Amino acid sequence: MTALLQVRNLTKRYFGLTAVDDVSFDVEAGAIVGLIGPNGSGKSTSIDCISGFQPADGGRWSLAGVDLTALAPHRIARAGLTRSFQTVRAYDELTLLENLQVAAQENDGIGWLPSLLHGAKVRAAEAAAEARARDLLATVGLADYADAPAAILSYGQRKLLAIAASIMSRPRLVVLDEPVAGVNPTMVRRIEAVIRKLNEEGATLVIVEHNVDFIMSLCRRVIVLDQGAKIADGPPSLIRSDPRVLAAYLGKAGAEEAAHG
Ligand SMILES: Nc1ncnc2c1ncn2[C@@H]1O[C@H](COP(=O)(O)OP(=O)(O)OP(=O)(O)O)[C@@H](O)[C@H]1O
Ligand SMILES: [Mg+2]
């Protein structure tokens, strides 16, 4: 069986720097896969390329057999792959409900012309989007704020809104870039529960995170990047003791110390 997401030889260079270096991996349908690595190891750049927000210099990738290479972000989203951003983006002056409706529209790529031509169809789509948005706000515990401006949200609540926005269009695969960075432990547990629920409802997830405990508890498979290259790919138990991973995180001396107690 072919994997839901197949990434082959992804490469991205910035000037002299190879930010992503010939990275290949698969994500099976139904999985929650962790993507970890030190700062600057190429995690966000990999996502940026796969989701169409940065042009890659090499490689191919596909979702459910559909080639996504070189498609624009909204086309990739329509094909079923969406993402959240490391730096939370919300429209502060819009309500939470409106923020999610905008997210749906961005991912569906609906412009103003079809809105004029197919008024009734678009109104039906808008009603469906509102129902979906209210549903998701309830899932992430923000239902009470549906009609409040996003400006009033705390940092952790913004992270939850970002997760809801990334799954508005019912993607087959969603990539979350640091969903719990800078979030307090109570909110981390809530976000973990939300991710599990989404997964149970059928979403496949790739999660980029520095919170290793969070990743190890959620994911049965973890991919590790270092200096743009994939250095490990396997279950948490193997990743934790992999000498290359320890060296990447702790430096060589630290890894030897950890290995020999
Ligand atoms: N727009 C850009 N222009 C030039 N260099 C960039 C750009 N974006 C990223 N880089 C470089 O590419 C490398 C990988 O960066 P990236 O943001 O992908 O790392 P990351 O693994 O997401 O790190 P972090 O954990 O800190 O978010 C870094 O050396 C970074 O400086
Ligand atoms: Mg990053």
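Predicted model, so just to flag it, every value in this text is computed and none were measured. Each ligand, and each atom within it, is numbered from 1 in the order the structure gives. All residue numbers refer to positions in the sequence shown, counting from 1.
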Under 4.0 Å from any heavy atom of [X], which atoms of ligand 1 are there?
| X | result |
| --- | --- |
| His210 | 24 (P), 25 (O) |
| Glu178 | 25 (O), 27 (O) |
| Gly42 | 14 (C), 18 (O), 19 (O), 20 (P), 21 (O) |
| Gln86 | 27 (O) |
| Leu17 | 11 (C), 12 (O), 13 (C), 29 (O) |

Quick one: nearest non-hydrogen protein atom to [atom], plus distance?
| atom | result |
| --- | --- |
| atom 4 (C) of ligand 1 | Tyr14 CG, 3.3 Å |
| atom 26 (O) of ligand 1 | Asn39 ND2, 2.8 Å |
| atom 23 (O) of ligand 1 | Gly40 N, 2.8 Å |

Keeping the roles fixed (side chain from [X], backbone from [Y]), state whether a donor-acceptor pair exists under 3.5 Å.
| X | Y | value |
| --- | --- | --- |
| Glu209 | Val180 | yes |
| Thr69 | Arg60 | no |
| Ser84 | Asp177 | yes |

Has ligand 1 got any nitrogen or oxygen that is less than 3.5 angstrom from a nitrogen or oxygen of Ser46? no

Enter the distance from [X]:[atom1] to [Y]:[atom2] here, rounded to the nearest 0.5 Å.
| X | Y | atom1 | atom2 | result |
| --- | --- | --- | --- | --- |
| Trp61 | Ser24 | CH2 | OG | 11.5 Å |
| Leu238 | Arg221 | CG | CZ | 12.5 Å |
| Ser44 | Gln86 | OG | CD | 4.0 Å |
| Arg196 | Leu205 | CZ | CG | 11.5 Å |

Per-atom contact, atom 31 (O) of ligand 1, protein heavy atoms, under 4.0 angstrom: no

Counting backbone and side-chain atoms alike, is an N, O or S atom of Ser44 positioned under 2.8 Å from the Mg ion (ligand 2)? yes

With respect to the Mg ion (ligand 2), please indicate if Gln86 possesses an N, O or S atom at a distance under 2.8 Å. yes

Ring-face cation contact, Phe85 with Arg83, 6.0 Å cut, 45° max: yes

Evaluating non-hydrogen atoms only, which member of Ala19, Ser44, Ser41 is closest to atom 17 (O) of ligand 1? Ser44

Given Leu225, Thr45, Asp226, Asp177, identify the one with the heavy atom nearest to atom 15 (O) of ligand 1. Thr45

Using a strict 4.0 Å threshold on nitrogen-to-oxygen distance, state whether Lys12 and Asp22 make a salt bridge. no

